[in-house]
Each structure stands twice: as C-alpha cells, then as structure tokens.
Amino acid sequence: ILPMANERLRVLEEIEKEIAAILQNAGSVTSELSKEKPNERLLDRQASQFTASVQKVESELSNQIRYLTQVATGQPHEGSSYSARKDCQMALHRVDHARRKLGELARTCEQMLEPQ
Amino acid sequence: MSQQRVLPQSKETLLQSYNKRLKDDIKSVMDNFTEIIKTAKIEEETQVSRATQSEQDHYEMHVRAANIVRAGESLMKLVSDLKQFLILNDFPSVNESINQNNQQLHSLQEECDKKLIALRDEIAIDLYELEEEYYSSSLCDTGDLPLCEVYWNQDSLGSPEGISTPPAPRMAEPMGTGAETSTPSHPHVNGQGAAPTEHA
C-alpha cells in the first residue's frame, strides 16, 4: 500500500513529460526549417512554445530545489509503519485461522450427516 | 530551528550541484538551439566552396543536436535524482504518507476484528445447539459426560431460559478452539472438563 499521494512527486513527473515535449518541439522546429518553404507562423509559434517550455521547466525545477534546501536535514528519517502493518497482518491471520476452523466444523457436521 | 540550517557538508554540496546541473543543462539546450537556427541561415558568400561549407554546416548541426539531446537526458537524470532525494528527505510528506498508511492498516485491522467478534457471537449460539446435540447423542463416550453433567445440573437448579445463555459463551470461550472437531478434541474436553467440575 503505497499510493502516490505526494504532490511534489507528481509535479516532478509532469516536468519529465515537459522535458520530453521540449525535445520533440526542437525537433519539429528544425524539420520545419529544413523544408523548402517553411511556414513562418508555425515556426514562430513552435519557437515561442519551445522557449516557454524551457523557462517553465527551469523555474519549476529551481522551485523544487529551493524547497529541498529548506526542508532537508542531514538526519535519516526514522519513522515507519511497521507496527501498524504487523497488527494488520496478525488480524488477517486471525481471520484466516477462524475461517479454517469454521471449514473444519462444517466438514465435521457434513460427515455426521452423511451415513444417516 | 538554527539546527535546521546546518546541513551536513555532503547534502549542501549535493543541492548546490543540483542547481549547477540545472543551469548548465538549460543553458546548453537554449544555446545549441539558437545556434542551430542561426546556422540554418542561407549565406551567399563563402570562403570555401559550397560543398565544404554545407558539409561543415551539416556536421555542426549534428553536433549541436546531439548536445541538445544530451542536455535533455541529463535534465531527466536530474529530475530522477531530485525525486529520490525528495522521497528520502522530504520529512513533511514522508510523515504524511506514513500516517496515511498507518491509518489505512489500522482501519483494516479494526474491521477484521469487528467482524470476527460478530462472527464469534453468532457462532456461540450455534455451537450451543451443536454441543447439546452432541452430548445427548450416542456419539460421545462416557469420558465426556462430566461437562454435560455440570450443564444439566445447573439447568435443574435454575430456569432453562436464564441458564441457557450464560453457559453458552462460557463454554464457547474455553472450548472455542478445541471443540469444533469431535474426535481429536477429546483430550481437550477432558482436560477442561476437570475445571468446571471443580467449580460445581
């Protein structure tokens, strides 16, 4: 059970997609330039998209780094969810044990009913 | 609070290196891109022949494109390093996710136990009837009877309604694990049959 509830991790995922988009954009700009008659408006739009993406990536990443400098200490984190997990595991064992015993009881009752 | 500012040397340099990488890579991407676009300009006069100039331009564009790709990949690596650092060191979110996990596990455990208790209450009633049937049938041998005698002794002492419920949980509890199977549990029954007879 480890859902990605973390906002920052999600933002970092988006940044990764943005970087890939940047590279793709650059590629499309150059291929557009290489044509015989490049479409100027398209070029302008793509080029401005490119610069916008690059700046966005830069600002987001420096935000993340700044947040990290504020938050990080040197100590390792020592919390864990082990005790809750162990309790839950024991509860599941109890349920399983009860189920098995009930199964035996049912089988015994059925056996008793058969010869009659 | 002042302790928070004093990061160990390695963490401080690590974060500074992240910043440096970020700046370098972004600069590389922008510069190489602008250079490519500049080189795409068609010039008429050249010092060397057309073929050489175009060959040179071709090679230069190759190199700049490769630079852009390298910078992009290095940015990706930076992002993944940041993610790793975040998971390990971002205490607020680590605490929150630990709490969330604890809550989920705790509620699951509560639900299991609640259902088990409800099950126990239901089965206690059925077990009472089963045991009555068992002890009044020809299947049990004389060794088992002491427990039943206690039962029926108490029955004859008080009213049947009032007595039927208390013995059922009392009997279900000590024999809960042992009495479901008929034959293997005889030692259990005999062993625990001794105790109630003492009280009686």
Side-chain angles (χ1 to χ4, degrees), chain A residues 1-3 5-9 12-13 15-16 19-20 22-23 26-27 29-30 33-34 47 50-51 54-55 57-58 61-62 64-77 79-81 83-85 87-92 94-95 97-98 101-102 104-105 107-109 111-112, chain B residues 3-4 6-8 10-12 15 18-19 22-23 26 29-30 33 36-37 40 61 65 68-69 72 75-76 78-80 82-83 85-98 100-106 108-113 115-116 119-120 123 130 139 177 180-182:
Chain A
I1 314 174
L2 197 65
N6 200 344
E7 179 67 27
R8 306 200 156 263
L9 283 179
L12 282 175
E13 289 269 311
I15 290 182
E16 273 182 349
I19 294 177
I22 286 181
L23 284 184
V29 164
T30 42
L33 267 179
S34 71
F50 176 81
T51 6
V54 169
Q55 283 181 348
V57 161
E58 178 170 12
L61 280 178
S62 60
Q64 296 283 334
I65 297 183
R66 203 185 15 238
Y67 173 78
L68 278 180
T69 52
Q70 288 171 352
V71 157
T73 70
Q75 284 81 28
H77 195 280
S80 91
S81 57
S83 62
R85 196 175 287 271
D87 287 338
C88 189
Q89 200 178 21
M90 288 200 290
L92 291 173
R94 287 196 280 272
V95 168
H97 180 77
K101 286 298 181 178
L102 265 184
E104 286 176 16
L105 176 62
R107 267 199 303 276
T108 313
C109 289
Q111 278 175 7
M112 290 300 117
Chain B
Q3 264 181 337
Q4 205 179 5
V6 178
L7 295 172
S10 61
K11 287 276 160 58
E12 190 75 52
L15 287 168
Y18 282 165
N19 258 326
L22 174 66
K23 293 215 164 18
I26 295 278
V29 166
M30 286 306 291
F33 189 70
I36 284 187
I37 304 219
M61 290 211 181
I68 292 185
V69 169
L75 268 179
M76 292 288 236
L78 175 67
V79 168
S80 120
L82 271 181
K83 274 198 213 174
F85 192 84
L86 202 62
I87 289 178
L88 286 177
N89 294 86
D90 182 16
F91 284 12
S93 62
V94 168
N95 285 342
E96 188 189 317
S97 71
I98 286 184
Q100 215 177 1
N101 278 353
N102 278 351
Q103 267 174 0
Q104 272 180 347
L105 291 168
H106 191 67
L108 183 60
Q109 179 212 336
E110 292 269 333
E111 199 179 311
C112 281
D113 283 340
K115 293 203 167 135
L116 272 180
L119 186 69
R120 179 202 72 180
I123 288 192
L130 280 175
L139 284 174
T177 53
E180 284 96 64
T181 59
S182 46

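Below, all heavy atoms of this structure are taken into account, side chains as well, without hydrogens, waters or symmetry copies. Letters A, B, ... mirror the listed sequences (proteins, then strands); counts begin at 1.
In this structure, F85(B) CZ and L12(A) CG are separated by 12.5 Å, a value rounded to the nearest 0.5 Å. If you take CZ on R66(A) and CG on L15(B), they are separated by 13.0 Å, rounding to the nearest 0.5 Å. To the nearest 0.5 Å, the span separating OH on Y67(A) from CG on L86(B) amounts to 7.0 Å. Considering OG1 of T69(A) and NZ of K11(B), their distance stands at 13.0 Å, rounded to 0.5 Å. Distance check: E13(A) CD to K83(B) NZ gives 3.5 Å after rounding to the nearest 0.5 Å.
Here the closest heavy-atom approach between residue L105(B) and residue S81(A) is recorded as CD1-O, 4.3 Å. Contact record, A91(A) with Q109(B): CB-CG, 3.6 Å, taken as the closest heavy-atom pair. Minimum heavy-atom separation, C88(A) to L108(B): SG-CD2, 3.3 Å.
Heavy atoms of N19(B) lying under 4.5 Å from chain A belong to its backbone as well as its side chain. Of the two parts of S83(A), neither the backbone nor the side chain holds a non-hydrogen atom closer than 4.5 Å to a non-hydrogen atom of chain B. Contact annotation for S62(A): both backbone and side-chain heavy atoms come within less than 4.5 Å of a heavy atom of chain B. With a 4.5 Å cut-off on non-hydrogen atoms, L75(B) touches chain A through its backbone and its side chain both. Looking at A98(A), only its side chain comes within 4.5 Å of chain B, counting heavy atoms on both sides. Contacts between I68(B) and chain A at a heavy-atom distance below 4.5 Å involve backbone atoms as well as side-chain atoms. Only the side chain of F33(B) comes within less than 4.5 Å of a heavy atom of chain A; its backbone N, CA, C and O stay farther away. Both the backbone and the side chain of L61(A) come within less than 4.5 Å of a heavy atom of chain B.
Between chain B and the options R107(A), M90(A), Q89(A), H77(A), heavy-atom pairs under 4.5 Å are most frequent for H77(A). Of all the listed residues (I26(B), I87(B), L88(B), I37(B)), the one sharing the greatest number of non-hydrogen pairs under 4.5 Å with chain A is I26(B). Contact count against chain A (heavy-atom pairs under 4.5 Å) is highest for M76(B) among K115(B), M76(B), K23(B), Q103(B). Highest contact tally toward chain B, considering only V57(A), V29(A), T51(A), L92(A), is held by V29(A) [criterion: heavy-atom pairs under 4.5 Å].
Taking the side chain as every heavy atom from C-beta outward, T30(A) and M61(B) never approach each other to under 4.5 Å. Side chains of L9(A) and S93(B) form no contact here, defined as non-hydrogen atoms less than 4.5 Å apart. You'll find the side chain of L130(B) reaches within 4.5 Å of the side chain of L105(A), heavy atoms only. Under the 4.5 Å side-chain criterion, counting only non-hydrogen atoms from C-beta, I36(B) is not in contact with L33(A). Counting heavy atoms from C-beta outward, V29(B) and F50(A) have side chains that approach closer than 4.5 Å.
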Side chain to side chain contact (heavy atoms under 4.5 Å, CB included), that's the test. Do R94(A) and D113(B) meet it? Break it down for me. CA-CA 8 Å; R94(A) 287 196 280 272; D113(B) 283 340; 3.1 Å; yes
